[in-house]
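See structure below.
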Amino acid sequence: PILYSYFRSSCSWRVRIALALKGISYDLVPVNLIKDGGQQFSAEFKALNPMQQVPALKIDGITLSQSLAIINYLEETHPNPRLLPQDPKKRAQVRMISDHIASGIQPLQNLSVLKQMGEKKMEWAQNCIASGFQALEQILQHTAGRYCVGDEVSMADLCLVPQVANAERFKVDMGPYPTLTRINKALLELEAFKISHPSRQPDTPAELRA
């Protein structure tokens, strides 16, 4: 497999965690979203992913984009360890939390949106993340065990950790979200989350390396 990724992209990080958890080795091709006006806009990359976004994963003779679609494919082709619970209610909760982050928070504060916000980008990102986290904290109080849904790592956790990292980068006050903070801390102790971390990627700038 070949993963087209950017060290700081939260969507790419989700997929890196999934690949690490499932023990799938891959080649990484960095796509710098800032350099040269954004390498994702090159004709070469547009041919690979018409949405001009990372991640993209070449695997089993196909090219997939959209992190949750990629994770679902990996789940179906490499079922162990499981990232979607067998119980239908828990599985629905995992998908709900994943969508909450991947559709309801992350796109509102991603690079292309922030570029358009100009000087207000920090305030905008903080507001988008805080309103999403208020809802998420409430949801997690009902679903969480050690992790987002019960005591098993799931796709929801793969979405949570990169989003908390974004929140910290945009200086969001995490005080009101104790459940979220506790789960994030527990997940960051796991090896798959450590090795996929933005501070440990081949394209991580020297000053941001772990």
Side-chain angles (χ1 to χ4, degrees), residues 1-31 33 53-60 64-85 90-91 93-103 105-107 109-110 129 132-133 136 140 143-169 180-204 208-210:
I2 301 172
L3 178 67
Y4 295 81
S5 166
Y6 177 55
F7 81 101
R8 195 176 249 168
S9 152
S10 56
C11 303
S12 299
W13 188 1
R14 294 172 197 156
V15 174
R16 293 196 304 261
I17 300 166
L19 290 163
L21 282 167
K22 290 180 179 291
I24 302 168
S25 57
Y26 60 93
D27 292 325
L28 189 137
V29 176
V31 180
L33 303 185
Q53 295 170 335
V54 290
L57 182 68
K58 276 187 180 176
I59 189 168
D60 301 337
L64 293 170
S65 60
Q66 297 301 329
S67 61
L68 297 193
I70 294 170
I71 293 165
N72 275 299
Y73 177 78
L74 296 175
E75 180 71 358
E76 287 167 8
T77 55
H78 298 76
N80 293 313
R82 217 173 28 233
L83 295 177
L84 287 167
K90 285 188 173 178
R91 185 180 286 239
Q93 288 173 329
V94 165
R95 287 187 163 134
M96 171 180 73
I97 293 164
S98 302
D99 280 342
H100 182 94
I101 296 167
S103 304
I105 305 177
Q106 193 276 331
Q109 46 88 130
N110 73 10
I129 295 169
F133 276 8
L136 195 54
L140 290 171
T143 64
R146 181 163 174 77
Y147 306 121
C148 284
V149 178
D151 296 325
E152 302 294 321
V153 173
S154 71
M155 182 164 72
D157 300 299
L158 276 56
C159 295
L160 179 83
V161 167
Q163 189 55 58
V164 173
N166 279 353
E168 289 168 347
R169 193 152 60 92
L180 227 145
T181 301
R182 172 183 67 73
I183 295 166
N184 182 66
K185 187 167 181 275
L187 289 163
L188 284 173
E189 289 168 7
L190 304 176
E191 186 61 20
F193 287 78
K194 288 180 186 172
I195 61 172
S196 57
H197 195 279
S199 64
R200 292 176 65 175
Q201 297 313 300
D203 58 326
T204 307
L208 297 175
R209 284 194 170 276

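Index from 1, following the sequence.
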Whether the side chain of T204 engages the backbone of P198 through a donor-acceptor N/O pair (distance < 3.5 Å, no angle test) should be reported. yes
Check step by step if side-chain contact (heavy atoms from CB on, under 4.5 Å) holds for R95 and L84. CA-CA 8 Å; R95 287 187 163 134; L84 287 167; 3.6 Å; yes
Any side-chain heavy atom of Q201 within less than 4.5 Å of one from R8? no
How long is the span from the CD1 atom in I101 to the OG atom in S10, to the nearest 0.5 Å? 9.5 Å
Closest contact, heavy atoms only, I17 versus S196: CG1-OG, 3.2 Å
Report yes if the side chains of Y147 and L160 come closer than 4.5 Å at any heavy-atom pair, otherwise no. no
How far does CZ of R16 sit from CG of L57, to the nearest 0.5 angstrom? 12.5 Å
Go through the steps to decide whether Y73 and D60 satisfy the test side-chain contact (heavy atoms from CB on, under 4.5 Å), and finish with yes or no. CA-CA 11 Å; Y73 177 78; D60 301 337; 2.5 Å; yes
Between S154 and V94, which heavy-atom pair has the shortest distance, and what is it? OG-CG2, 3.4 Å
Would you say the side chain of C148 lies within less than 4.5 Å of the side chain of L140, judging by non-hydrogen atoms? yes
Before giving the answer on side-chain contact (heavy atoms from CB on, under 4.5 Å), spell out for L158 and L21 the whole-Å C-alpha distance, their side-chain angles and the decisive distance to 0.1 Å. CA-CA 10 Å; L158 276 56; L21 282 167; 3.8 Å; yes
Side chains of C159 and L68, heavy atoms from C-beta outward: is any pair under 4.5 Å? yes
CA sep, side-chain torsions, deciding dist, call: F7, R200, side-chain contact (heavy atoms from CB on, under 4.5 Å): CA-CA 8 Å; F7 81 101; R200 292 176 65 175; over 6 Å; no
Would you say E152 has more than 12 foreign heavy atoms packed within less than 6.0 Å of its CD? no
Taking side chain as C-beta onward, heavy atoms only, is Q53 less than 4.5 Å from S67? no
The side-chain contact (heavy atoms from CB on, under 4.5 Å) partner of E75 among I70, N80, L83 is L83
Minimum heavy-atom separation for A192 to A20, with atom names? CB-CB, 3.8 Å
Checking side chain to side chain donor-acceptor pair (under 3.5 Å) against Q163, which of R14, H100, Q109 comes through? Q109
Count the heavy atoms of every other residue, nucleotide or ligand shown that sit under 6.0 Å from NZ of K22, and state whether that count exceeds 12. yes
Rounded distance [0.5 Å steps], CG in N72 versus CG in L64: 10.5 Å
Any side-chain heavy-atom pair from P55 and L3 closer than 4.5 angstrom? yes
Using a 4.5 Å cut-off on heavy atoms from C-beta on, say whether the side chain of L188 contacts that of V164. no
Would you mind writing out the side-chain donor-acceptor pairs for residues 24-31 within the sub-3.5 Å range, not counting sequence neighbours?
none

Heavy-atom closest pair, residues R182 and G145: NH2-O, 3.0 Å
Measure the shortest side-chain to side-chain distance between K58 and Y4 over non-hydrogen atoms and say whether it is less than 4.5 angstrom. yes
Kindly give the heavy-atom pair with the smallest separation between A167 and I129, and that separation in Å. CB-CG2, 3.8 Å
Heavy-atom pair of closest approach, residues S5 and D203: O-OD2, 4.1 Å
